[in-house]
Structure formats: structure tokens, C-alpha cells
Undergrad: 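Can you keep this structure in mind? I'll have questions shortly.
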Amino acid sequence: MTSLRPVRGTHDLVGEDLRRQRHVIETARQIAERYGYQEVSTPIFEFAEVFARPLGETSDVVSKEMYVFTDRGGDQLALRPEYTAAMCRAFISGAFGQALPVKLFGAGPMFRYERPQKGRLRQFHQIDIEVLGAAEPLADVEVIALGARILQALGVADEVALELNSLGDPVSRQAYRSALVAYLADHRANLSADSQTRLERNPLRVLDSKDEGDRAIVAEAPLLDTYFNEESQAFFAEVKAGLHALGIAFTVNPKLVRGLDYYTHTTFEFTTTALGAQGTVLAGGRYDGLIGMLGGPQTPGIGWAAGIERLAMLLATAPESARPVVVVPVGPASELAALALAEELRAAGHVVDYGFRGKVGQRLKRAAQQGARYALLLGEDELARGEVVVRDLEQGAQEAVPRSSLAARLAG
RNA sequence: GCGGGCAUAGCUCAGUAGGUUAGAGCGCCAGAUUGUGGCUCUGGAGGUCGCCGGUUCGAUCCCGGUUGCUCGCCCCA
């Protein structure tokens, strides 16, 4: 048995799994570009405060899941557990210029120290979309639409449903929070143990508790939208109207509360029942206070992140890998000529593999395993005649083709 | 951090009511076929039965612990 394993919750990505993930990223990249989002890539580690401050010191992500370390210069750094705060830091650092809004697309690894399970890893990958500097509800609409279009293009739209909610602006949210805490405090004794601690740390989370007793209590709890001021109501109405106008189906889930502290107004989640316990596939919301919280100029923001592994698992089929042409020298005397032929075909744009050793039979077997369509056999006889034997590995038929018409033969 | 399931060949898995050399299919290597894969046949390599300890004359099998994987809780993409 192997003694050297990848670190728990990390995986080597190869073959079909890698192709699935690349397909997810490429699809998202193309569509984001079509919507006018620019691709950016930020460092995978940052000063730890970049995440600790906006996410909240008491949040699980910061208090128990972040990979934090001190570097040789004594700085407290963290492997990024999410993209949004890092994007905002880059914005404050001046990476994206001054013209607002900026529309950003990114994809890459994130790190959280958690118990791995289906659809959850310690190093996982996310696609990230952010719009910074747009306070308009139509920005929320576009951002959600972009997510919906990507899910459609991936062919997973039927597996997924959009849930939408609003937390209201900070004033409304705070008013509601007080009312909720007061209500829950009256029922504290009947709440589950988890929800009693939620009540201390993040009372809104009690709303989406899975515990049945909690659900009964929550059913009677005050409703968020009754605490909305006019502005919050109008904002939410515009987002919903925009989604209707674009034909994007959603259901309002008044108990949809995103976990991270920085959300205001719109929150949303695309979820599936096809992935076991980790149903959330793409989720985000508006975070108008985040950039200010980080010490930047008050700038509104809205965005989402999608789990690449989760999307890759939903893909019905894996993309095919390129089918190579394999060049096979017959006998040692033709090796160099065969290698030169391979180079020539590569220069012409073909995917060409050249094995380094083995008898003709072994090389052909290998070529078939690689999924090659053609094997090109080149021996002394063919060299002398200026020909190449083109063997169709699917049909089993082969024919000698003059070098001059080889390109045309392979094209057909 | 808490709970359940699983751990035998490269892969998927069988097995021994505790007993001498632990099996299959697929894969791998070689040969039949010294310039031809996929079919067929023959032969071969490959295992500290996850690890440590206990019970026993004897443990891959029973018991305890441990590690890993996996699924769930918390939390989240």
C-alpha cells in the first residue's frame, strides 16, 4: 500500500475528472466574457485580516476552517477560503482602475480545513463573479442571470433550482435581527443545542435549521420582509421584476440566510438534490458594506461563487479528450524519419503522439488504448517509396499513401 | 469538533463456521504471430489480507486501539 498520500481533502486531478473541471471553467469563462466581465487572478494567499474582518471573527470559516500561518517575515497569512474578500482587496489595492463599475470573473483553488465529504474538500475550486461599484438592482439581476446562463450552458439547469431572498439594507436587517432574537430568546429552552449557539453567534442561521423542533418554532417567527423599510422593499421588487423580464424562474425563500456576515439585500442560491448533503452549487449576494469594512472607499458589490467540483459532478457526460494520430517507426532505421514526420504533422496542427520504444505490435496496442484514430507506419520500404502507411485503428484497414497527399488523407 | 459505514493484487470484488501454497474478472508483461492493436490460446509477474496490540496451539477472519477512505452533523461552493 502507498505510504505517500495526498493531504486529506485534496486530490490529484487527472483524466476525466480534470477534463470535467476544465470544461466547467471554460464554459463559465466564455459566457462571463460575453457579459463583459474581465478575467482576473489574485494570489491564493493574503494577509489573514483580509478574510477575518469581513467574514467575522466568530464565523466558522474564520474561527476553525482557515489555513493560517506565519511566514518567515512574521506576517500572518491565510490561504484564501473564498474569493470575494480577495477580489475586494485587489480592488482597494487599485488593480482595476477607477472606472466603475468593474465586472470581474475569476476561477481557482480555495482552502478550508473541514471534514471532507461528498462535494466538500479542503482544497476545492470555485468560479467567482463580482460586480464592484454598482448599487443598482439591475446589477443583481445581471449577476444572477449570468449564473443561470452558465448553468444552462453546462446542461445542468434542469438539476438546479434558484432560491432568492433579501436581507434588506443594514437598517432593516438590524431591526429584524433584534425582533428575531427577542422571539427566539423566549423559546430558547426548546431550541436544539446547535440553534442555541446560533442564537448567540448568528441568530439568522436559526431560520434554516434542519432540526424539526427548530422548524416548528421558526414557522411562528417574525418575518424578515415585514421589517423592510421602503427602500429595501423597492430594491427587492426591482430585482424580482428584472428576473421575470429575463425569464429566469425562481422561488422566494424567506428563510434563505447566507452564512457570511457581509451580505445585505439580495441573497440567492442555486441548489440541487442530486449531490447528497451539499446541495448548493452556486450562491452569492449583495455586500454593500464589505469594501468599506476592509478599509476601502464605501463601494457596493454583488457577486457569487460556484463550486467547480460540484458542477463537474453534475455534468451528464465528460468531455472527450483529443484523439491523437500516432506515428510508428517500423524498424530502427526509420526512427528519425518517423520522428521528423511527427514534428511535421504537429506543425500542421495535428495532435500527434510518438512512443519512444516497443515493437510495432506494442506500439499499435498502445495507440489504440490512447484512443488514436490513425496510426502512421513508416518503415524502410515506405521511406524508399516516399509513402506512409495510414492504418485506421477503428476499421482495421490500412493503405499506403504518398507523403504528398498525407495531409489531405488525414483531413478526411 | 461529533456520529455511521468500509479497509484483501494496479482496478472492481470474492473468500476462509480461525488451520499448511489467499482467489476471480479486468489490467500489466511475455509467447503463439522476428513489419501490425482490438478476437483466441498458453505462460508469467504482482499480496507484510491498512497498522499496532490482545485472545488462541494457530488470526486475513474474533476482540480492542489506531490510521486512512467514505457518508452524514456543524458549516459551506
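This one's a predicted model, so the numbers in the text were calculated from it and none came from an experiment. Below, read A as the first sequence line, B as the second, and so on, with proteins coming before strands; counting in each chain starts at 1. Computed from heavy atoms alone, side chains included, the values below leave out hydrogens, waters and symmetry copies.
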Undergrad: Could you tell me if A:Tyr374 and A:Glu394 have a donor-acceptor pair between their side chains, going purely by distance under 3.5 Å?
TA: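 No donor-acceptor contact under 3.5 Å links the two side chains.
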
Undergrad: With a 4.0 Å cutoff (strictly under), does any side-chain N or O of A:Lys365 reach OP1 or OP2 of B:rU36?
TA: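 No, no such contact exists.
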
Undergrad: Go through B:rC75, B:rC76, B:rG37 for me and flag the one nearest to the A:Ala368 side chain.
TA: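 Closest of the options to the side chain of A:Ala368: B:rG37.
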
Undergrad: B:rA17 and B:rA59: how far apart are their C1' atoms, nearest whole angstrom?
TA: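 Their C1' atoms lie roughly 15 Å apart.
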
Undergrad: Check if the side chain of A:Arg391 and the base of B:rG37 share a donor-acceptor pair of N or O atoms closer than 3.5 Å.
TA: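 A donor-acceptor contact between them is present.
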
Undergrad: Does A:Gln278 put a side-chain nitrogen or oxygen below 4.0 Å from OP1 or OP2 of B:rC75?
TA: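 Answer is no, no contact under 4.0 Å.
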
Undergrad: Under a cut-off of 3.5 Å for both distances of each Watson-Crick or G-U pair, what dot-bracket string does RNA chain B give, using [ ] for crossing pairs and | for inter-strand pairs?
TA: (((((((..((((.....[...)))).(((((.......))))).....(((((..]....))))))))))))....

Undergrad: Out of B:rG35, B:rC73, B:rU36, which nucleotide sits closest to the side chain of A:Glu382?
TA: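 Among B:rG35, B:rC73, B:rU36, the one nearest the side chain of A:Glu382 is B:rG35.
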
Undergrad: Using a 4.0 Å heavy-atom cut-off across all strands, classify A:Val281 as base, sugar-phosphate, or nothing.
TA: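 A:Val281: backbone/sugar contact only, no base atoms under 4.0 Å.
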
Undergrad: Check this for me: A:Tyr67, atom OH, are more than 12 non-hydrogen atoms of other residues, nucleotides or ligands nearer than 6.0 Å?
TA: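 Yes.
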
Undergrad: Would you kindly give the CD-to-C1' distance between A:Glu65 and B:rC76, to the nearest whole Å?
TA: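 Going from A:Glu65 (CD) to B:rC76 (C1'), I get 7 Å.
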
Undergrad: Do A:Arg363 and A:Phe356 form a cation-pi contact, if we require the NZ or CZ to be under 6.0 Å from the six-membered ring centre and within 45 degrees of the ring's axis?
TA: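 No, A:Arg363 and A:Phe356 do not form such a contact.
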
Undergrad: Remember a base hit wins even if backbone is also touched, and classify A:Ile127 as base, sugar-phosphate or nothing at under 4.0 Å, heavy atoms.
TA: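 Contact class for A:Ile127: none.
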
Undergrad: On RNA chain B, nearest-nucleotide positions of A:Asp208 versus A:Gly379: which is more 5'?
TA: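 Comparing both residues, the 5'-ward one is A:Gly379.
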
Undergrad: So, A:Asp214 versus A:Ser209: side-chain donor-acceptor pair below 3.5 Å or not?
TA: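 A:Asp214 vs A:Ser209: donor-acceptor pair found between side chains.
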
Undergrad: Under 4.0 Å between any heavy atoms, over every strand shown, what does A:Gly284 touch: base, sugar-phosphate, or nothing? Just pick one.
TA: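 A:Gly284: no heavy atom of the nucleic acid under 4.0 Å.
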
Undergrad: I'd like to know if A:Arg120 reaches the base of B:rC75 with its side chain, counting only an N/O donor and acceptor under 3.5 Å.
TA: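 Such a pair is found, so the answer is yes.
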
Undergrad: By the 4.0 Å heavy-atom rule, please label A:Arg201 as base, sugar-phosphate, or nothing.
TA: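 If one applies the 4.0 Å heavy-atom cut-off, A:Arg201 turns out to touch nothing in the nucleic acid.
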
Undergrad: Donor-acceptor pair under 3.5 Å: do we get one between A:Arg310's side chain and the base of B:rC76?
TA: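 Check passes, donor-acceptor contact within cut-off.
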
Undergrad: Could you check whether A:Glu309 gets within reach of a base, just the sugar-phosphate, or nothing at all, counting any heavy atom under 4.0 Å?
TA: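 It contacts nothing in the nucleic acid.
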
Undergrad: Applying a 4.0 Å non-hydrogen cut-off, can you work out what A:Gln362 is touching in the nucleic acid: base, sugar-phosphate, or nothing?
TA: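 Answer is sugar-phosphate: A:Gln362 comes under 4.0 Å of backbone atoms only.
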
Undergrad: Just compare B:rU36, B:rC73, B:rC76 and give me whichever is closest to any side-chain atom of A:Leu377.
TA: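 The listed nucleotide nearest to A:Leu377's side chain is B:rU36.
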
Undergrad: Would you mind telling me which of B:rU70, B:rG37, B:rG35 lies closest to the side-chain atoms of A:Arg115?
TA: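 My answer, after comparing the listed nucleotides, is B:rU70.
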
Undergrad: Out of B:rG37, B:rC73, B:rA77, which nucleotide sits closest to the side chain of A:Leu393?
TA: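 Side chain of A:Leu393 sits closest to B:rG37.
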
Undergrad: Using the ring of A:Phe236 (Phe, Tyr or Trp, six-membered ring only), decide whether A:Lys240 places NZ or CZ under 6.0 Å from its centre and within 45 degrees of its axis.
TA: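 Satisfied, under 6.0 Å and within 45°.
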
Undergrad: So A:Tyr176 and A:Tyr227, ring pair (Phe, Tyr, Trp, His ring centres under 6.0 Å) or not? Walk me through it.
TA: CA-CA 6 Å; A:Tyr176 174 67; A:Tyr227 287 80; 5.7 Å; yes

Undergrad: Test the A:Arg122-A:Tyr113 pair against the cation-pi criterion, namely NZ or CZ under 6.0 angstrom from the six-membered ring centroid and within 45° of the ring axis.
TA: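 Yes, A:Arg122 and A:Tyr113 form such a contact.
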
Undergrad: For A:Asp381 and B:rU36, give me the distance from atom CG to atom P, rounded to whole Å.
TA: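 Value for this atom pair: 13 Å.
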
Undergrad: Contact class for A:Leu378 vs. all strands (heavy atom < 4.0 Å): base, sugar-phosphate, or nothing?
TA: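 Touches nothing.
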
Undergrad: When rounded to the nearest Å, what value does the distance between P atoms of B:rG15 and B:rA9 take?
TA: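 The answer is 15 Å between these two P atoms.
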
Undergrad: NA contact type, A:Lys359, heavy-atom cut-off 4.0 Å: base, sugar-phosphate, or nothing?
TA: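 It contacts sugar-phosphate atoms only.
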
Undergrad: Could you check A:Leu275 against A:Thr280 and say which one's nearest nucleotide on RNA chain B is further toward the 5' end?
TA: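 It is A:Leu275, whose closest nucleotide lies nearer the 5' terminus.
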
Undergrad: The side chain of A:Arg8 lies closest to which of these nucleotides: B:rC74, B:rU70, B:rA77?
TA: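 Comparing B:rC74, B:rU70, B:rA77 against the side chain of A:Arg8, the answer is B:rU70.
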
Undergrad: Looking at every strand, decide which applies to A:Glu82 at a 4.0 Å heavy-atom threshold: base, sugar-phosphate, or nothing.
TA: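 The answer is nothing, as A:Glu82 stays clear of every strand by at least 4.0 Å.
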
Undergrad: Base, sugar-phosphate, or nothing for A:Gly361, non-hydrogen atoms under 4.0 angstrom?
TA: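 Sugar-phosphate contact only - A:Gly361 comes under 4.0 Å of backbone atoms but never of a base.
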
Undergrad: B:rG35 phosphate, OP1 or OP2: any side-chain N/O from A:Arg363 under 4.0 angstrom?
TA: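 Answer no for this pair, as no side-chain N or O of A:Arg363 is under 4.0 Å from OP1 or OP2.
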
Undergrad: So which nucleotide from B:rC29, B:rG68, B:rC74 ends up closest to the side chain of A:Arg5?
TA: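 From the listed options, B:rG68 comes nearest.
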
Undergrad: With salt bridge (Lys or Arg N to Asp or Glu O under 4.0 Å) as the test, would you mind laying out the steps for A:Arg149 and A:Glu142 before giving the verdict?
TA: CA-CA 10 Å; A:Arg149 300 311 176 209; A:Glu142 179 182 278; over 6 Å; no

Undergrad: What is the distance, rounded to the nearest whole Å, between atom CG of A:Leu151 and atom C1' of B:rA77?
TA: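 Nearest whole value for this atom pair: 12 Å.
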
Undergrad: Is the NZ or CZ atom of A:Arg80 both under 6.0 Å from the centre of the six-membered ring of A:Tyr83 and within 45° of that ring's axis?
TA: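 Yes, a cation-pi geometry.
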
Undergrad: Using only side-chain N and O atoms of A:Gln117, determine if any of them is under 4.0 Å from OP1 or OP2 of B:rU70.
TA: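 Negative; the distance criterion is not met.
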
Undergrad: Under 4.0 Å between any heavy atoms, over every strand shown, what does A:Ala305 touch: base, sugar-phosphate, or nothing? Just pick one.
TA: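 It contacts sugar-phosphate atoms only.
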
Undergrad: Between A:Arg409 and A:Glu399, does a salt bridge (Lys or Arg N to Asp or Glu O under 4.0 Å) hold up when you go through it step by step?
TA: CA-CA 11 Å; A:Arg409 178 71 180 74; A:Glu399 60 173 328; 2.8 Å; yes

